[in-house]
Amino acid sequence: MMKEETEFISFFKPCIGDEEIADVTECLRSGWLTTGKFAKQFEADFASYMGAEFAVAVNSCTAALHLALEAVGLGEGDLVLVPTYTFAATAEVVRYFNATPVLVDSRMDDFNMDMGKARETILRVASNEKVAGVPEGHNGFKAMIPVHFAGQAVDVKRCADLCSEFGLKLIEDCAHCCPARYLDADGSWKTVGSSADIACYSFYANKTITTGEGGMALTNNEQWADRMRVMSLHGISKDAWKRFSKEGSWYYEITSPGYKYNMSDVAAAIGVNQLKKSDSFHAARKRIAAEFTERLSGIPGIVLPVEREDVEHSWHLYIIRIEENICGISRNAFIEKLKNAGIGSSVHYMPLHMHPYYAGKYGYEPDSFPVAKSLYQGAVSLPIYPGLSDQAIDKTCREIRKLTRGS
Ligand SMILES: *Cc1c(COP(=O)(O)O)cnc(C)c1O
């Protein structure tokens, strides 16, 4: 008999070891805290891990998305396809340009943006039909920002086809994808993000690897990489981060009104060590997901996440869906009761079109995207991270069976 877990099982805990602490200490003792050797190391390691040519380390994925859109030339009045089922960041960066994020509904099976509906939206806008959220006098679609939701790739082939058919830039929100893979049309396994013009990753505290706060933009286009690097540091000349070092010079020129998005070495010292553990973290998440799937299957009214044949999921999130009419408990009551039993959980996400800003600004109704709305109403994210104990998994599964009369 396994010992009962008595401590509160938190929804997420980062996995920080002695290696991270040692390198952060080294960084602090070195006297160089801002962007420097650790950030450069992290960029090189991350690019090589993901198989991209250029990496720009920044202080969030949101910053990476903003820089990516700027680098590909997004402008005022442009339209960008964005899934409604995502976090705030994916759409807000489009608003920074006074451009319009045109929201798209999800697929029922994996929450991802429905590429068929994305195509329909483009065609309807092209034929001057009235489409919810599309303002008068726009410049047409310029880009798309798919999100590989929870760590499962979107339909990459259809996504690429859409982009080439309509000349869209492909900026991928890979915040959930360190690491994830997909089976390419040529029969080989590829890293999620490798098909993008620019792919953006997050190292926020609860992501698969973390730097506390942090992000990275990956691309194979040198010009975009240079532009993002310059714009991440006030739009001043290229190696501005070196200006206070031995090799640096006090002289610089401002070439554009840039932003302040560079990653500090304190953060990067955590990142280089987290990255080394990324594969073992991923293995742990896979094992936990498999365990949940085995132990929670067959409960009426609980829909489990499926890993499609053509993907390798990162398992950043493990999202079950509560069908209240079948299992007799509402999603909110389910979360409350789990919490009372000592288990943390969360909801990813309330779709963007249901938030006051997007509903008010673009006139969306909850039923504008019925699939996303229905996914949201049942969604519960269970705890999943390398430090989650077997006892915690056991207790979570037993409580869920109790709550849904599945015991
Ligand atoms: C976490 C997250 C982001 C933003 O990441 P930050 O590093 O916190 O800026 C963007 N998109 C999605 C889908 C996310 O989950």
Side-chain angles (χ1 to χ4, degrees), residues 27 32-74 89-90 92-94 96-97 143 145 169-179 191-204 207-243 245 248 252 254-272 274-275 278:
C27 171
W32 188 278
L33 307 186
T34 182
T35 305
K37 74 165 191 186
F38 280 110
K40 297 300 124 186
Q41 181 70 48
F42 189 31
E43 285 177 341
D45 293 353
F46 197 78
S48 125
Y49 182 70
M50 291 295 179
E53 270 194 73
F54 306 101
V56 180
V58 288
N59 56 19
S60 72
C61 178
T62 310
L65 289 164
H66 183 193
L67 291 171
L69 291 175
E70 202 277 337
V72 302
L74 195 75
T90 323
E92 78 196 20
V93 293
V94 176
Y96 294 176
F97 297 84
I145 316 180
K169 291 287 186 292
L170 180 56
I171 309 300
E172 295 186 19
D173 182 336
C174 296
H176 299 175
C177 295
C178 180
T191 307
V192 170
S194 60
S195 56
D197 287 313
I198 303 176
C200 301
Y201 296 82
S202 174
F203 313 122
Y204 180 65
K207 294 305 198 310
T208 54
I209 70 168
T210 185
T211 59
E213 298 282 357
M216 191 85 77
L218 294 184
T219 182
N220 293 328
N221 180 308
E222 189 166 13
Q223 211 181 320
W224 291 336
D226 285 347
R227 177 71 183 175
M228 289 192 288
R229 192 175 303 290
V230 165
M231 292 306 278
S232 74
L233 201 58
H234 304 298
I236 60 186
S237 26
K238 213 167 158 194
D239 277 334
W241 62 274
K242 279 190 192 157
R243 69 194 184 282
S245 73
Y252 61 80
I254 300 166
T255 56
S256 288
Y259 315 105
K260 186 60 170 68
Y261 284 162
N262 58 305
M263 178 182 276
S264 79
D265 258 22
V266 183
I270 307 174
V272 289
Q274 287 274 295
L275 185 61
S278 176

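Only heavy atoms go into these numbers, but all of them, side chains included; no hydrogens, no water, no symmetry mates. We count residues from 1, following the sequence as given. Values in this document were obtained by computation on a predicted structure and should not be read as measured data.
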Evaluation steps, side chain to side chain contact (heavy atoms under 4.5 Å, CB included), between Y204 and E213:
CA-CA 5 Å; Y204 180 65; E213 298 282 357; 3.3 Å; yes
Please assess V230 against S256 for the test side chain to side chain contact (heavy atoms under 4.5 Å, CB included), listing each intermediate value before the final yes or no.
CA-CA 9 Å; V230 165; S256 288; 5.8 Å; no
Quick one: do S195 and E172 satisfy side chain to side chain donor-acceptor pair (under 3.5 Å)? Show the steps, please.
CA-CA 9 Å; S195 56; E172 295 186 19; 2.8 Å; yes
Apply side chain to side chain contact (heavy atoms under 4.5 Å, CB included) to the pair L69 and F97, showing each step before the final yes or no.
CA-CA 9 Å; L69 291 175; F97 297 84; 3.6 Å; yes
Could you go through the side chain to side chain contact (heavy atoms under 4.5 Å, CB included) check for E70 and Y96 one step at a time?
CA-CA 10 Å; E70 202 277 337; Y96 294 176; over 6 Å; no
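Pairing each heavy atom of T211 with each of G271, the nearest pair is CG2-CA, 3.5 Å. Between I198 and A71, the shortest heavy-atom contact is CD1-CB, 4.3 Å. Across all non-hydrogen atoms, the minimal contact from T35 to M263 is OG1-O, 2.7 Å. The minimum heavy-atom distance between C174 and G193, with the atom names listed, is SG-CA, 3.7 Å. The two residues T210 and I270 have their closest heavy-atom pair at O-CG2, 3.5 Å. Considering all non-hydrogen atoms of both residues, C178 and T208 come closest at O-OG1, 2.7 Å.
E53 and T219 are not linked by any side-chain donor-acceptor pair at a separation below 3.5 angstrom, with hydrogens and angles left out of the test. Side chains of T90 and D173: a donor on one and an acceptor on the other come within 3.5 Å.
Y49 meets the ring-ring contact (aromatic ring centres under 6.0 Å, His included) test with no other residue; sequence neighbours excluded. Applying the salt bridge (Lys or Arg N to Asp or Glu O under 4.0 Å) criterion to E92, with sequence neighbours excluded, gives no partner residue. Applying the ring-ring contact (aromatic ring centres under 6.0 Å, His included) criterion to Y201, with sequence neighbours excluded, gives F46. Not counting sequence neighbours, Y252 has no partner by the ring-ring contact (aromatic ring centres under 6.0 Å, His included) test. Scored by the ring-ring contact (aromatic ring centres under 6.0 Å, His included) test, Y261 finds H66, Y259 as partners (sequence neighbours excluded). Remark: K37 engages E26, D265 in a side chain to side chain contact (heavy atoms under 4.5 Å, CB included) (not counting sequence neighbours).
Listed for the T255 side chain is a donor-acceptor partner under 3.5 Å among the backbone atoms of G235. Side chain of D197 to backbone of L170: a donor-acceptor contact under 3.5 angstrom is found. The backbone N or O of S194 sits nowhere less than 3.5 Å from a side-chain atom of T191 that would complete a donor-acceptor pair.
For R229 and E43, the salt-bridge test passes: some basic side-chain N is under 4.0 Å from an acidic carboxylate O.
V58 has its side chain out of reach of N262: every pair of non-hydrogen atoms, C-beta onward, lies at least 4.5 Å apart. In this structure, S245 and W32 have side chains that are in contact, with non-hydrogen atoms separated by less than 4.5 Å. A 4.5 Å side-chain heavy-atom check between N221 and F54 finds every atom pair outside the cut-off.
A distance of 13.5 Å separates CZ in R227 from CH2 in W224, rounded to the nearest 0.5 Å. In this structure, OG on S232 lies 8.5 Å from NZ on K260, to the nearest 0.5 angstrom. In this structure, CG in L275 is found 7.5 Å from CE in M50, a value given to the nearest 0.5 Å. Here CG of N59 is found 12.0 Å from CE of M216. Values are rounded to the nearest 0.5 Å. Atom CG of L65 is separated from atom SG of C200 by 4.0 Å, given to the nearest 0.5 angstrom.
Under a cut-off of 6.0 angstrom, the local environment of CG in L33 is crowded, with over 12 non-hydrogen atoms contributed by other residues, nucleotides or ligands.
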